[in-house]
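The structure under discussion appears below in the form of structure tokens.
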Amino acid sequence: MRKLLSILNRFKLIIVFVLIFTIASFCSKYFLTITNIINLFTQVAAYGIVACGMTFVVISGEFDISVGSVMVLAGMVAVALINTVGWTIAIIAVLILPFIIGILYGILVVKLKLSSFITTLAGSIFFRGIAYVITGDGTPLIPDNTIYGKLATATVWKIPVMVIVFISYVILTQIVLKKLSFGRNIYATGCNFEAAKNAGINVMFYKTATFIICCFSAVLGGIVLTSRLNTAAPTAAEDAALTSLSAVVLGGANLNGGSGTIIGTFTGVMILGLITNSLNMLGINNYIQLAVRGVLLVAFVMMERYSKMRQTT
Amino acid sequence: MEKTTQKKSILKVIYKDYTMLLVLVGLFTITAVIEPVFIKIQNLMNIFRQSAIVGCVALGVSLVVIGGTFDMSVGATVSLTGMIAIILQDSCGVVGAMLIALLIGCIIGLLNGFLISSINGGSGESFMITFGMMNVVQAVALIITNGKLTGGSKSAFYQYIGNGDIGVVPFSIILFFILAALMQVFLTKTKRGRYIYYMGANRETARLAGINVKSLRIFVYMMAGIMSAIGAFILTARSGGALPKAGEGIEFDVVTAIVVGGVGVNGGEGSILHTVIGVLIMGVMANALNIIGVSSQNQLVVKGLILVLAVCVDKVKRK
């Protein structure tokens with residue numbers, strides 16, 4: 001019995017995934033079509049990319065709740081610069097952006113030892129404010145150039161580019177985290193900060209690096225999002241932090257750092273996407289979906305803590 | 001010898017407690033010099049009116065923060081309870097509707113507190129759980145109204161909460177100051193109030209010392225819920241209508257005000273006086289920026305900067 005439980009525990013995510021998938025296929029005949037499966041991936045791509053970056057921050061033992069604002073800011077900067085000064089400067093600016101924000105967070109959180117929650121909360125207010133300042137009066141920016149809108153929606157063999165970007169990003173971050181010493185050091189930093197420091201790991205560097213990676217993911221996600229919508233609105237992506245954190249926690253990461261995997265996060269992202277997609281199919285309105293996502297986040301945090309508490313006692 | 005050390009410590013306390021008061025006075029003077037419109041009675045009362053909403057919510061959240069955790073769900077609670085208080089006025093009467101709204105705020109707090117205390121969560125867990133609850137409560141508010149605006153209250157009594165004056169002073173700010181005084185007395189003069197400090201300083205020690213930490217945690221979240229409902233009354237009475245997202249972002253304002261006022265984010269420190277100062281600083285600043293012509297959306301930049309700055313100052317002081 002105990003063995004069965006432990007097996008169930010290990011594969012619970014996959015089981016949940018298969019369960020929802022099966023129910024959804026039975027409930028709607030449109031669910032199990034290639035169009036809808038591609039659609040599902042398209043819907044989760046932007047937040048999925050962000051969730052990959054969030055995994056790094058959570059493993060190192062911190063949070064980043066400013067991802068939504070950074071997404072918006074990145075989209076804004078990209079569109080505004082493309083409209084005014086052209087592609088080259090826009091690309092350079094967008095590539096520099098995550099380094100500026102990440103290093104800033106690194107200084108505040110690691111050097112000054114501020115709580116990452118308060119710091120990124122302030123960041124999320126600040127960067128959304130900057131996004132509003134860029135628009136001037138709060139109206140969304142629309143790219144003059146039609147290429148920008150096609151960046152993400154173009155297809156290769158019928159698969160949208162953004163889905164390819166998403167999947168490649170998942171694979172890339174998985175390799176960084178699991179196969180490189182860089183990734184192992186991030187785990188060590190999150191698992192036991194003092195021990196990692198004493199072992200000669202440059203903890204300051206690794207924590208800052210996770211913030212940069214997370215901001216980079218948010219920037220990439222922001223480009224995908226604004227390209228898909230072909231507009232950059234300062235009000236977009238408000239639920240990005242909620243969704244990506246839920247996916248990471250659902251994927252089995254510990255909120256106190258030291259554990260979590262990209263594969264877990266990917267499964268979490270897909271489960272959340274699946275829920276949204278199937279609720280949409282069943283014609284359930286957005287507000288109820290918001291409630292469902294909120295309940296899920298609370299439930300995942302509770303489950304994760306409960307299983308930890310059972311292990312320790 | 002003893003006297004001098006005592007004197008020194010008093011000076012130290014004054015320095016620690018009143019740095020933010022000095023900032024408030026400084027901010028006030030500078031704005032008054034730059035823009036004389038600022039010190040007109042009408043404008044000052046306007047600041048009070050605006051501050052009362054965030055202020056009431058901040059009083060409740062202060063207890064949570066002093067107790068060592070966070071509450072992100074207050075903004076959504078303001079939205080929901082404010083709407084309930086207006087919608088139910090036709091069927092339950094004004095007082096009935098307000099009581100039900102208070103009860104709902106209380107239930108949301110109870111849920112928050114129960115969930116967090118049952119997993120013995122620290123500040124990280126409290127943040128995640130109330131973040132989830134924020135979305136649930138917001139969703140309920142949206143579902144009830146189907147996302148539409150509800151009209152304002154017709155009751156003169158209800159409108160008085162938001163717009164009424166006693167002499168020239170708005171009723172809402174008097175309500176806020178009375179509640180603040182009560183809260184301060186509760187925190188410093190009662191056993192339960194002091195237990196909140198112990199719990200915030202070290203939860204495990206407090207538990208071992210025989211304090212019922214579980215019920216105390218539920219209590220602080222319930223207070224946050226109730227105070228959010230009171231803030232919601234002022235908000236919806238003032239604005240003459242309730243948007244299902246009216247309270248959105250209040251949690252940011254509240255946390256900023258609390259931290260700016262000097263209530264430490266690690267728990268076990270600070271007082272209601274700090275919160276009141278923080279609320280007034282944020283109110284004066286928002287008003288000053290409005291007068292200068294910075295839109296409320298563009299003010300987000302300043303708010304974010306101030307929050308970071310306040311946490312840095314808090315950290316330096318602790319060293």
Side-chain angles (χ1 to χ4, degrees), chain A residues 61-63 65-66 69 104 108 112-119 121-133 135-138 234-235 238-239 241-243 245-246 249 255-257 285-306 308-309, chain B residues 70 72-73 76 111-112 115-116 118-125 127-147 244 248-249 251-253 255-256 259 265-266 294-312 314-316:
Chain A
E62 309 287 349
F63 296 116
I65 56 170
S66 67
S69 299
L104 201 68
L108 290 170
L112 296 174
K113 295 196 173 60
L114 302 183
S115 116
S116 62
F117 155 56
I118 296 272
T119 310
L121 178 69
S124 87
I125 308 174
F126 181 74
F127 296 124
R128 202 170 283 274
I130 298 223
Y132 274 113
V133 171
T135 63
D137 53 357
T235 49
E238 272 180 333
D239 55 346
L242 171 75
T243 312
L245 268 172
S246 305
V249 176
L255 284 181
N256 298 319
N285 78 14
N286 281 334
Y287 306 146
I288 294 177
Q289 292 186 24
L290 186 65
V292 169
R293 268 183 291 170
V295 169
L296 281 177
L297 177 60
V298 172
F300 299 149
V301 175
M302 300 287 290
M303 276 185 335
E304 196 260 338
R305 270 297 278 210
Y306 264 129
K308 273 274 129 43
M309 278 158 84
Chain B
F70 287 107
M72 295 290 288
S73 67
L111 258 175
N112 277 332
L115 290 172
I116 293 164
S118 69
I119 55 168
N120 191 20
S123 62
E125 282 82 15
F127 160 64
M128 293 293 277
I129 293 214
T130 52
F131 195 44
M133 281 294 288
M134 164 178 115
N135 288 278
V136 178
V137 174
Q138 182 64 74
V140 172
L142 285 165
I143 291 165
I144 290 177
T145 53
N146 205 9
E248 197 179 33
E251 65 276 3
F252 292 134
D253 294 346
V255 171
T256 312
V259 178
V265 284
N266 299 330
V294 182
S295 77
S296 66
Q297 291 163 339
N298 292 351
Q299 284 182 20
L300 291 177
V301 177
V302 185
K303 277 187 191 167
L305 277 180
I306 287 179
L307 181 53
V308 166
L309 217 68
V311 197
C312 289
D314 179 56
K315 205 80 198 179
V316 170

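A, B, ... follow the sequence lines: proteins, then strands. Residue 1 opens every chain. It should be emphasised that the depicted structure is a prediction, and the values quoted were computed from it without experimental measurement.
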Next item on the list: Identify which part of B:Ser118 has an atom lying under 4.5 Å from any heavy atom of chain A, answering side chain, backbone, both or neither.
Entry: both

Notebook entry, point to check: When heavy-atom pairs shorter than 4.5 Å are enumerated against chain B, which of A:Leu245, A:Thr119, A:Thr135 gives the highest number?
Noted result: A:Leu245

Margin query: Heavy-atom pairs under 4.5 Å with chain A: which of B:Cys312, B:Pro244, B:Ala139 has the most?
Written below: B:Ala139

Check: Got a second to check how far B:Met133's CE is from B:Leu111's CG, nearest 0.5 Å?
Finding: 4.5 Å

Which pairs of donor and acceptor atoms, one on a side chain in residues 123-130 of chain A, lie under 3.5 Å apart (sequence neighbours left out)?
from, atom 1, to, atom 2, distance (Å)
A:Ser124, OG, A:Leu121, O, 3.0
A:Arg128, NH1, A:Pro234, O, 2.9
A:Arg128, NH1, A:Ala236, O, 3.0
A:Arg128, NH2, A:Ala236, O, 3.3

Check: Is it the side chain or the backbone of B:Glu248 that comes within 4.5 Å of chain A heavy atoms, both, or neither?
Finding: side chain

Item checked: Largest heavy-atom contact set with chain B, pairs under 4.5 Å, which of A:Ala291, A:Ala131, A:Ser116 -> A:Ala291

Item checked: Options B:Val259, B:Asn120, B:Val140, ranked by heavy-atom pairs under 4.5 Å with chain A, top entry -> B:Asn120

Note to self: So for A:Leu297, is it side chain, backbone, both, or neither that comes closer than 4.5 Å to the heavy atoms of chain B?
What the structure shows: side chain

Note to self: Heavy-atom cut-off 4.5 Å, strictly under: side chain, backbone, both or neither for A:Ala241 against chain B?
What the structure shows: both

Next item on the list: With a 4.5 angstrom heavy-atom cut-off, could you sort out which part of B:Val308 is near chain A: side chain, backbone, both or neither?
Entry: both

Check: When you look at B:Glu125 and B:Leu115, which way does the side chain to side chain contact (heavy atoms under 4.5 Å, CB included) test go after all the steps?
Finding: CA-CA 10 Å; B:Glu125 282 82 15; B:Leu115 290 172; over 6 Å; no

Notebook entry, point to check: Side chain, backbone, both or neither: which part of A:Ile65 has a heavy atom under 4.5 Å from chain B?
Noted result: side chain

Margin query: Let's test your reading of the structure: which of B:Thr256, B:Leu142, B:Leu305 forms the most heavy-atom pairs below 4.5 Å with chain A?
Written below: B:Leu142

Next item on the list: Please round to the nearest 0.5 Å and tell me the distance separating atom CG of A:Leu296 and atom CD of A:Gln289.
Entry: 11.5 Å

Next item on the list: Using the test salt bridge (Lys or Arg N to Asp or Glu O under 4.0 Å), find all partners of A:Glu62 that sit at least two apart in sequence or belong to another chain.
Entry: A:Lys207

Next item on the list: May I ask you to test the B:Ser73-B:Asn112 pair for a side-chain heavy-atom distance under 4.5 Å?
Entry: yes

Check: What's the verdict on side chain to side chain contact (heavy atoms under 4.5 Å, CB included) for B:Asn146 and A:Tyr287, showing C-alpha distance, side-chain angles and the deciding distance?
Finding: CA-CA 8 Å; B:Asn146 205 9; A:Tyr287 306 146; 3.8 Å; yes

Checklist line | Toward chain B, the part of A:Leu108 with a non-hydrogen atom under 4.5 Å | finding: side chain

Notebook entry, point to check: At a heavy-atom separation under 4.5 Å, does A:Val249 approach chain B through its side chain, its backbone, both, or neither?
Noted result: side chain

Notebook entry, point to check: If you measure from CG on A:Leu290 to CE on B:Met134, what distance do you get to the nearest 0.5 Å?
Noted result: 8.5 Å

Notebook entry, point to check: Mind checking whether A:Phe117 and B:Phe70 have parallel, tilted or perpendicular rings, split at 30° and 60°?
Noted result: perpendicular

